[in-house]
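Presented below is the structure to which this report refers.
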Amino acid sequence: PALFMENARKGSIVSRANSIGSTSASSVPNTDDEDSDYHQESYKESYKDRRRRAHTQAEQKRRDAIKKGYDDLQAIVPTCEQQDFSIGSQKLSKAIVLQKTIDYIQFLHKEKKKQEEEVSTLRKDAMALKIMKVNYEQIVKAHQDNPNEGKDQVSDEVKFNVFQGIMDSLFQSFNTSISVTNFQELSACVFSWIEEHCKPQTLRDIVIGVLHQLKSQLY
């Protein structure tokens, strides 16, 4: 009986101890779960901060790039560097910089078109000069191959005198026959003058008369 009583007493003590331990354990907070929630919340806040910081840096970089672009335009476009007395010493606005840039680009397009037209004209002139050069080289070569050719030909001075004599004769009749009061009279007079003074036989007589006159002057 004494042993039984001792075992019962020990069992009662153990039972009370377990009850107290269970009660104490239930009253103690669950620190593991709280630590997990704290770290998760801290991570969320850190991620938001990083996103906010990255967005701020990207926005600042974009603004810096835009500012650099406007500064480069002001440095490149000559009209942006000129003093604008209506604005004074104030910094040019972005709208003014863009407008001046557009105007300068349009000016460059016009200058480019003008230069292209000039280059095209110069190319045509160069081509004409090349053709003339080739023709003159052929004439010189032909003269070198036949040095006696052309000695008996009429000189340019004689040709000019013949042409001048014919034109003087025609102008005299033209001056006396043509009225330049208005276009209608001019048109009518020109046709009648051509029919009367520019017939083949009349022109032949004029040329023969000029040649006789020139012959008497030369000999």
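- With a 6.0 Å radius and a threshold of 12 heavy atoms from other residues, nucleotides or ligands, Glu111 has its CD atom above the threshold.
- The cluster map of Ile, Leu, Val, Met, Phe, Trp and Tyr, joined by side-chain heavy atoms under 4.5 Å apart, puts Ile66 and Leu92 in the same cluster.
- Closest approach of Ile178 to Val190, counting heavy atoms only: CD1-N, 3.5 Å.
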Under the side chain to side chain donor-acceptor pair (under 3.5 Å) criterion, do Gln172 and Asp168 qualify, and how do the steps go? CA-CA 6 Å; Gln172 290 177 2; Asp168 288 342; over 6 Å; no
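- Under 4.0 Å is where a charged nitrogen must lie from a carboxylate oxygen, and between Arg52 and Asp49 at least one such pair does.
- Between Lys68 and Asp64 there is no salt bridge, since no side-chain N of the basic residue sits under 4.0 Å from a carboxylate O of the acidic one.
- In plain terms, the two heavy atoms of Glu185 and Ser179 that are nearest each other are OE1-OG, 2.8 Å.
- Residues Thr56 and Gln60 fail the side-chain proximity criterion, which asks for heavy atoms closer than 4.5 Å.
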Please assess Ser120 against Glu116 for the test side chain to side chain contact (heavy atoms under 4.5 Å, CB included), listing each intermediate value before the final yes or no. CA-CA 6 Å; Ser120 178; Glu116 288 176 350; over 6 Å; no
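- Connection of Val77 to Ile105 is not established within any shared hydrophobic cluster, with ILVMFWY side chains joined at heavy-atom distances below 4.5 Å, either directly or through further cluster members.
- Trp193 and Leu186 fall within a single hydrophobic cluster, where Ile, Leu, Val, Met, Phe, Trp and Tyr are joined by side-chain heavy atoms under 4.5 Å apart, directly or via other members.
- Hydrophobic clustering (ILVMFWY, side-chain heavy atoms < 4.5 Å, transitive): Ile206 and Ile194 are in one cluster.
- At least one donor-acceptor pair under 3.5 Å links the side chain of Ser192 to the backbone N or O of Cys189.
- Both Leu203 and Val210 are assigned to one and the same hydrophobic cluster, defined by single-linkage of ILVMFWY side chains at heavy-atom distances under 4.5 Å.
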Stepwise side chain to side chain contact (heavy atoms under 4.5 Å, CB included) check, Leu98 with Tyr70: CA-CA 8 Å; Leu98 289 178; Tyr70 279 102; 3.6 Å; yes
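- Between Arg62 and Glu59, at least one side-chain nitrogen of the basic residue sits less than 4.0 Å from a carboxylate oxygen of the acidic one, meeting the salt-bridge criterion.
- Here Lys141 does not pair with Glu137 in a salt bridge; the nearest charged N to carboxylate O distance is not below 4.0 Å.
- Taking each heavy atom of Val97 and Thr101 in turn, the nearest pair found is O-OG1, 2.7 Å.
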Could you check Glu118 against Thr121 for side chain to side chain contact (heavy atoms under 4.5 Å, CB included), going step by step and ending with a plain yes or no? CA-CA 5 Å; Glu118 291 178 354; Thr121 302; 5.7 Å; no
Could you walk me through whether Asn161 and Glu157 satisfy the side chain to side chain contact (heavy atoms under 4.5 Å, CB included) test, starting with their C-alpha distance in whole Å, then the side-chain angles of each, then the deciding distance to 0.1 Å, before giving a yes or no? CA-CA 6 Å; Asn161 290 331; Glu157 183 180 359; 3.9 Å; yes
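- Scanning both residues, His197 and Thr202, for their nearest heavy atoms gives O-CG2, 3.4 Å.
- With hydrogens and angles ignored, the 3.5 Å screen pairs no side-chain donor or acceptor of Ser177 with any backbone N or O of Phe174.
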